[in-house]
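See below for the structure under consideration.
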Amino acid sequence: MTPNRLIALGLIALIGFIVAQRCIFTVAETENAIIIRLGEPVGVVEDPGLHFKNPIANVVKVDKRNREYDLDVPIEIIDVNQEQLKVDAFARYEIVDPLLFYQRFRQGTQSDSAVLLQAGEGGISRIMRNGLRQILGEVTIADIVTNLRTELMTRIEERMQAEASQFGIKIIDVRIRKADFPDDIADNVYLEMRSERQETAQLIRSQGDRESTRINAEAERKRTEILAEAKRESLQIKGAADGDRNAIFNEAYGKDPEFFDFYRSMIAYEEALKKGETTILLSPDSEFLKYFNDVGGKRK
């Protein structure tokens with residue numbers, strides 16, 4: 001084979017390779033491919049794998065996964081009370097109509113994937129900022145931070161979706177990541193909030209002290225009533241017991257007066273002669289000691 005033929009074959013192979021490169025492209029599972037011919041989109045390839053196209057056509061690939069867009073700079077909103085708040089938020093979105101997306105955000109006659117995506121997220125940024133300012137501007141800061149946060153996120157998502165659908169985008173979710181006061185007024189606001197919380201705490205403590213005093217007074221009153229009732233019942237029981245005892249003593253005295261005198265003297269001895277430092281000086285013929293001299297209680 002002559003050198004000229006080898007060169008010719010090499011050129012043919014090179015041209016064939018270049019043509020094949022221009023005619024063959026692949027699509028990943030995470031993307032869609034838009035076929036561009038002479039600057040205009042002519043079709044979308046959604047199936048992953050190896051595909052063929054016209055050599056003069058170009059391919060722009062669009063990510064079809066669930067993506068996140070985060071505000072690059074927090075925005076300042078003014079609530080219904082004309083108070084300022086800095087809000088940082090993010091959104092989850094998906095490109096569901098790649099052809100419409102390309103038509104809306106292409107730059108000139110040719111746009112590669114990176115430029116197209118950057119332009120698309122610029123559009124998301126605009127509708128997100130407008131949605132945040134409009135919806136959050138209709139409520140108070142307290143509603144944004146605590147009271148209506150979930151409801152507000154739903155309203156912002158619905159508003160964004162109404163506009164994003166015109167770009168071939170589906171808004172999946174919107175969330176506020178952070179909400180703060182602007183730096184120039186944050187210190188004053190925090191001082192006011194601290195003062196309000198201290199006043200509230202003092203009011204709660206005062207109410208607690210009053211309630212504590214009331215409860216203690218009520219408890220003391222019930223304690224006094226219970227003790228008085230217990231003492232009354234005790235006196236009644238003791239009076240009844242004393243009456244029963246006296247009745248028994250009277251009956252015993254009536255049956256055997258001498259034994260009753262002896263019994264009472266024994267009790268008197270027990271009480272008077274308890275262990276202690278008391279000294280009793282009595283005459284041997286004292287009436288008190290009559291049973292010591294004679295078990296019959298007679299003096300000698």
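Just so you know, these numbers use all the heavy atoms, side chains as well, and skip hydrogens, waters and symmetry mates.
Surrounding NZ of Lys170 are at most 12 heavy atoms belonging to other residues, nucleotides or ligands under 6.0 Å away. Enclosure of atom CZ in Arg177 by more than 12 non-hydrogen atoms of other residues, nucleotides or ligands within 6.0 angstrom is indicated. Under a cut-off of 6.0 angstrom, the local environment of CZ in Arg232 is crowded, with over 12 non-hydrogen atoms contributed by other residues, nucleotides or ligands. The number of heavy-atom neighbours closer than 6.0 Å to CD of Glu29, taken from other residues, nucleotides and ligands shown, is 12 or below.
You'll find the side chain of Asp180 reaches within 4.5 Å of the side chain of Lys178, heavy atoms only. Taking 4.5 Å as the limit, some side-chain heavy atom of Gln207 sits within range of a side-chain heavy atom of Arg210. Looking only at side-chain heavy atoms (C-beta outward), Asp79 and Val139 stay at 4.5 Å or farther from each other. Asn216 has its side chain out of reach of Glu211: every pair of non-hydrogen atoms, C-beta onward, lies at least 4.5 Å apart.
What you find for Thr26 and Leu50 is that their closest heavy atoms are CG2-CD1, 3.6 Å. Contact detail for Pro98 and Ile34: the closest heavy-atom pair is O-CD1, 3.3 Å. What you find for Leu132 and Ala89 is that their closest heavy atoms are CD1-CB, 4.1 Å. Residues Ala91 and Met160 share a closest heavy-atom pair of CB-CE, 4.4 Å. When every heavy atom of His51 is checked against every heavy atom of Asp47, the shortest pair comes out as NE2-O, 2.8 Å.
The CD1 atom of Ile156 lies 12.0 Å from the CD1 atom of Ile171; values are rounded to the nearest 0.5 Å. Rounding to the nearest 0.5 angstrom, the gap separating the CZ atom in Arg221 from the CD1 atom in Ile226 is 9.5 Å. Remark: Ile169 CD1 to Ile127 CD1 distance equals 6.5 Å, nearest 0.5 Å. Distance CD1/Ile176 to OG1/Thr150: 10.0 Å, rounded to 0.5 Å. Atom CD of residue Glu46 and atom CD of residue Glu31 lie 12.5 Å apart, to the nearest 0.5 angstrom. For the atom pair CD1 of Ile95 and CG of Asn66, the computed distance is 11.0 Å after rounding to the nearest 0.5 Å.
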One pair to check against side-chain contact (heavy atoms from CB on, under 4.5 Å): Gln84 and Ile77. What are the steps and the verdict? CA-CA 6 Å; Gln84 292 182 325; Ile77 63 106; over 6 Å; no
Take Asn32 and Val45, measure what side-chain contact (heavy atoms from CB on, under 4.5 Å) needs, and give me the verdict at the end. CA-CA 6 Å; Asn32 292 319; Val45 179; over 6 Å; no
So Arg205 and Leu203, side-chain contact (heavy atoms from CB on, under 4.5 Å) or not? Walk me through it. CA-CA 5 Å; Arg205 281 194 290 267; Leu203 176 61; over 6 Å; no
Would Glu229 and Leu227 satisfy side-chain contact (heavy atoms from CB on, under 4.5 Å), going step by step from the backbone distance to the final call? CA-CA 5 Å; Glu229 181 64 18; Leu227 290 176; over 6 Å; no
Give the C-alpha distance, both sets of side-chain angles, the deciding distance and a yes or no for salt bridge (Lys or Arg N to Asp or Glu O under 4.0 Å) between Lys86 and Asp88. CA-CA 7 Å; Lys86 288 173 62 176; Asp88 186 13; over 6 Å; no
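Listed by first and then second residue, the ring-ring contact (aromatic ring centres under 6.0 Å, His included) pairs that reach into residues 73-95 come to none, sequence neighbours excluded. Judged as a salt bridge (charged side-chain N to carboxylate O under 4.0 Å, His left out), the pairs with a partner in residues 152-165 (not counting sequence neighbours) are, in order, Glu138-Arg155, Arg159-Glu163. Pairs engaging residues 114-133 under the salt bridge (charged side-chain N to carboxylate O under 4.0 Å, His left out) rule: Arg67-Glu121, Asp72-Arg129 [sequence neighbours left out].
Residues Met153 and Leu85 share a single hydrophobic cluster, defined by chaining ILVMFWY side chains whose heavy atoms lie under 4.5 Å apart. The cluster map of Ile, Leu, Val, Met, Phe, Trp and Tyr, joined by side-chain heavy atoms under 4.5 Å apart, puts Phe25 and Val42 in the same cluster. Hydrophobic clustering of Ile, Leu, Val, Met, Phe, Trp and Tyr side chains at less than 4.5 Å, counting indirect connections, unites Leu117 with Phe105. Placement of Leu116 and Leu100 in two distinct hydrophobic clusters is found when ILVMFWY residues are connected by side-chain heavy-atom separations under 4.5 Å, directly or transitively.
A donor-acceptor distance shorter than 3.5 angstrom exists from the side chain of Thr213 to the backbone of Asp209, with no hydrogens or angles considered. Using modelled atom types, no side-chain atom of Lys64 and backbone atom of Asp97 make a donor-acceptor pair closer than 3.5 Å. A distance-only check finds no donor-acceptor pair linking the side chain of Asn81 to the backbone of Glu83 [under 3.5 Å]. No donor-acceptor distance shorter than 3.5 angstrom exists from the side chain of Arg37 to the backbone of Asn58, with no hydrogens or angles considered. The main-chain N or O of Val60 is never found under 3.5 Å from a side-chain atom of Ser113 such that the two would form a donor-acceptor pair. In this structure, the side chain of Ser234 does not engage the main chain of Ala230 through any donor-acceptor pair within 3.5 Å.
Taking a cutoff of 4.0 Å between a charged side-chain nitrogen and a carboxylate oxygen, Lys222 and Glu225 do not qualify as a salt bridge.
A donor atom on one side chain and an acceptor atom on the other are found under 3.5 Å apart for Thr140 and Asp143.
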